[in-house]
2 protein chains.
Amino acid sequence: MREPTYFILLALHAEPLHGYAVASRAKELSDGRVELTAGTLYGALDRLVDEGQLVVDREEKVNGRKRRYYRITEAGEHATQAEALRLRQALEAAAATIGPLPKAATA
Amino acid sequence: MREPTYFILLALHAEPLHGYAVASRAKELSDGRVELTAGTLYGALDRLVDEGQLVVDREEKVNGRKRRYYRITEAGEHATQAEALRLRQALEAAAATIGPLPKAATA
DNA sequence: CCACCATAGTACGGTCGCCGATGTATAAGC
DNA sequence: GCTTATACATCGGCGACCGTACTATGGTGG
């Protein structure tokens, strides 16, 4: 799993969001690092629905603009956690190899 | 940076290794998760040399088989650390969102 | 003795996710 | 009334990864 996909799934953990809101939340969660463009965002959402990691929760119409809300499935939650574990293992490998990392700038 | 590339760089942190040895070390460091196939391995090594993250250290001939040793550059070390920091941030985002992860199986 | 396997590297083609770009549509702001 | 922000769709291209096949050598097993 790549980073954009990962943050999309994380963004949807708490509650269903529509596409544009997913992008905003992903940017927040990544401290501004992950800025999802339309191509990445909607492409990934479609793919994740196909894979059963997301489902379409509902569609609304707000001020003429339609909003499609996505909800994460159990499979999606599971994949997210598996990915996080993979990241942790990769991080531990770095710590064991190159030593402790510098402190992060306090968020 | 993708995971295979990351573990290739980690594998070369301590000392120069030849291609095949890089693959073995990467598998070790990843607890067996990352098994580099020939296509991925040599493609990535060439690319990393092009990018200045690795240099060819020397070439030996052992039992008729040539071995090409790669050494990581400062740029490569820097990229590795930057990647590890990125991973940590992604992991922290998960912790903040879905809560603490289960304990890893003791290595 | 011959097949197989591990080592070591080269080469090629395909796939998949990401990304930029473009287009549609509406409502708000200047 | 033109631009900007919101919201989504689609298309094409690229790059990293990966499978596969090939060359080559030396050790192991049937």
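Convention: sequence-line order gives letters A, B, ...; per-chain numbering from 1.
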* Identify which nucleotide among dC18(D), dA8(C), dG17(C) has an atom closest to any side-chain atom of Pro4(B), counting heavy atoms from C-beta outward. => dC18(D)
* Along DNA chain C (nearest heavy atom to each residue), the more 5'-positioned of Tyr6(A) and Ser24(B) -> Ser24(B)
* **Minimum-distance nucleotide to Tyr20(B) side chain [options: dA6(C), dC17(D), dA7(D)]** => dA6(C)
* Starting from C1' on dC18(C), measure out to CG on Leu48(A) and report it in whole angstrom. => 13 Å
* Does Arg47(A) make a side-chain N or O approach to OP1 or OP2 of dC16(C) shorter than 4.0 Å? -> no
* On DNA chain D, check which nucleotide each of Arg2(A) and Ala38(A) is closest to and give me the residue with the more 5' one. => Ala38(A)
* To do: Assign Gly19(A) to base, sugar-phosphate, or nothing according to its heavy-atom contacts below 4.0 angstrom with the strands shown.
  => sugar-phosphate
* **Out of dA8(C), dC8(D), dA16(D), whichever nucleotide has its closest atom nearest the side chain of Arg67(B)** => dA8(C)
* Asked: Nearest nucleotide by nearest heavy atom, which residue falls closer to the 5' end of DNA chain D, Glu51(B) or Thr37(B)?
  -> Glu51(B)
* **Nearest-Å distance for atom pair NZ/C1', residues Lys27(A) and dA5(D)** => 14 Å
* **Interatomic distance, Lys66(A) NZ vs dA5(D) P [rounded to whole Å]** => 22 Å
* Taking only Lys NZ, Arg NE, NH1 and NH2, and the carboxylate oxygens of Asp or Glu, determine whether Arg68(B) and Glu60(B) approach each other closer than 4.0 Å. => no
* Structure fact -> Atom CZ of Arg33(B) and atom C1' of dC17(D) are separated, to the nearest Å, by 15 Å
* Structure fact -> Phe7(A) CZ to dG17(C) P, in whole Å, measures 18 Å
* Asked: When you measure from the side chain of Arg65(B), which nucleotide among dC17(D), dT7(C), dT10(C) comes out closest?
  -> dT7(C)
* Quick one: does Thr5(B)'s side chain have a donor or acceptor within less than 3.5 Å of a partner on Met1(B)'s backbone? -> no
* Between Tyr42(B) and dT10(C), is there a side-chain N or O to OP1/OP2 distance below 4.0 Å? -> no
* Report yes if a side-chain nitrogen or oxygen of His18(A) is closer than 4.0 Å to either non-bridging phosphate oxygen (OP1 or OP2) of dA7(D); otherwise report no. => yes
* If you check every side-chain atom of Arg68(B), which of dG9(C), dA16(D), dC8(D) has the closest atom? -> dG9(C)
* Asked: Do Thr80(A) side-chain atoms and Leu10(A) backbone N/O form a donor-acceptor pair below 3.5 Å?
  -> no
* Asked: dT7(C), dC8(D), dC17(D): which one has an atom nearest the side-chain heavy atoms of Thr5(B)?
  -> dC17(D)
* Structure fact -> Taken to the nearest 0.5 Å, the spacing of Leu91(A) CG from Tyr6(B) OH works out to 5.5 Å
* **Glu3(B) side chain vs Ala90(A) backbone, donor-acceptor pair below 3.5 Å** => no
* In whole angstrom, what separates Glu35(B)'s CD from dC18(D)'s C1'? -> 13 Å
* Could you state the atom-to-atom distance from CG of Leu36(B) to P of dT7(C) in whole Å? => 14 Å
